[in-house]
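Here's the structure we're looking at; comments come further down.
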Amino acid sequence: MALINLLDWREEARQQRQKEFFITLALMAILAIGIMALAYWFMENKIEGQQERNNYLTQEITQLNRQISEIEKIESELEELKKQMDVIQDLQQSRPEVVRLFDELVNSVPEGIHLNTFERKNDKDLSFNGRGETTTRISEFMRKMEAAERLEYKDIKDIEKDRQGIPAQIFTLDAMQVIPGKATNEDSQGGAQ
């Protein structure tokens with residue numbers, strides 16, 4: 001029987017398998033490195049894209065904030081203009097009221113009453129200082145003022161006798177100016193609220 005040495009063949013097969021294992025291991029390592037590089041590249045692209053979107057949004061937000069501040073500035077200017085227009089309209093509407101008030105005052109002052117001063121304290125409050133021949137004349141002045149359309153009697157502060165010259169009564173009287181159309185509008189608005 002012939003002796004065949006199979007060790008060399010086995011050794012060569014083992015070396016071949018070992019060689020194939022290392023080649024497969026190297027290919028797997030290259031493939032793993034390639035997959036990791038591809039994943040890293042993909043994530044970097046995602047991060048870069050998100051950063052670009054964030055930068056774009058930041059720029060847009062800054063631009064919108066600038067526009068909002070401009071809009072608020074324009075709205076405040078518009079409010080100022082509306083207030084100025086309201087003041088101008090009130091002045092335009094009240095311009096003839098002064099003439100009507102003086103006309104009403106002329107019709108309300110009876111004979112024997114002499115007004116020395118006439119003071120307007122605010123939009124409606126009026127104060128009259130004058131002299132009357134008698135207290136009945138002053139009472140008549142108050143009644144006529146109460147009957148007037150644009151004047152409303154409020155209070156008489158003091159009456160004192162003038163001791164110098166012609167006998168007379170010095171008085172201080174408070175009244176209020178009434179604007180017929182405006183008073184009813186304000187009352188109706190006040191009631192509605």
Hey, are the side chains of Lys19 and Ile23 touching, using non-hydrogen atoms and a 4.5 Å cut-off?
-> yes

Got Asn116 and Phe171 here, is their nearest side-chain heavy-atom distance under 4.5 Å?
-> no

With a 4.5 Å limit on heavy-atom distance, are the side chains of Met176 and Leu126 in contact?
-> no

Nearest heavy-atom approach of Gly132 to Ile113 is CA-CD1, 3.7 Å

Is there a path of hydrophobic side-chain contacts, each under 4.5 Å between heavy atoms of I, L, V, M, F, W or Y residues, that connects Met36 with Trp41?
-> no

Inter- and intrachain pairs under ring pair (Phe, Tyr, Trp, His ring centres under 6.0 Å), touching residues 70-121, at least two apart | Phe102-Phe118, Phe118-Phe128

Crowding at NZ, Lys82 (>12 non-hydrogen neighbours, <6.0 Å) | no

Glu104 side chain vs Glu149 backbone, donor-acceptor pair below 3.5 Å | yes

With side chains defined as the heavy atoms from C-beta onward, is the minimum distance between Val109 and Leu115 less than 4.5 Å?
-> yes

Value rounded to 0.5 Å, distance of OG in Ser69 from CD in Glu72 = 7.0 Å

CD-CD distance between Glu52 and Gln50, expressed to the nearest 0.5 angstrom | 10.0 Å

Does a side chain donor of either Gln51 or Asn55 reach within less than 3.5 Å of an acceptor in the other side chain?
-> no

Start with the C-alpha distance between Asp125 and Asp174, add both sets of side-chain angles, then the distance that settles side chain to side chain contact (heavy atoms under 4.5 Å, CB included), and finish with yes or no.
-> CA-CA 7 Å; Asp125 292 333; Asp174 287 337; over 6 Å; no

State whether a side-chain donor-acceptor pair under 3.5 Å links Gln63 with Arg66.
-> no

Answer whether the closest heavy-atom distance between the side chains of Gln16 and Glu12 falls below 4.5 Å.
-> no

What distance do Ile35 atom CD1 and Met28 atom CE have between them, rounded to the nearest 0.5 Å?
-> 8.5 Å

Quick one: CG on Asn54 to CD on Gln59, what's the gap to the nearest 0.5 Å?
-> 11.5 Å

CD of Glu20 to CG of Leu27, rounded to nearest 0.5 Å, is 11.5 Å

Answer whether the closest heavy-atom distance between the side chains of Met142 and Met145 falls below 4.5 Å.
-> no

Is the shortest heavy-atom distance from the side chain of Leu81 to the side chain of Gln84 under 4.5 Å?
-> yes

With a 4.5 Å heavy-atom cut-off, do Ser127 and Leu173 have their side chains touching?
-> no

Keeping the roles fixed (side chain from Arg137, backbone from Glu111), state whether a donor-acceptor pair exists under 3.5 Å.
-> yes

Carefully, step by step, assess Gln169 and Ile138 under the rule side chain to side chain contact (heavy atoms under 4.5 Å, CB included).
-> CA-CA 8 Å; Gln169 308 288 328; Ile138 297 171; 3.6 Å; yes

Spatial distance of atom CD1 (Ile74) from atom CG (Leu78) [nearest 0.5 Å] | 9.5 Å

Side-chain ion pair, Arg143 and Glu140, N-O less than 4.0 Å | no

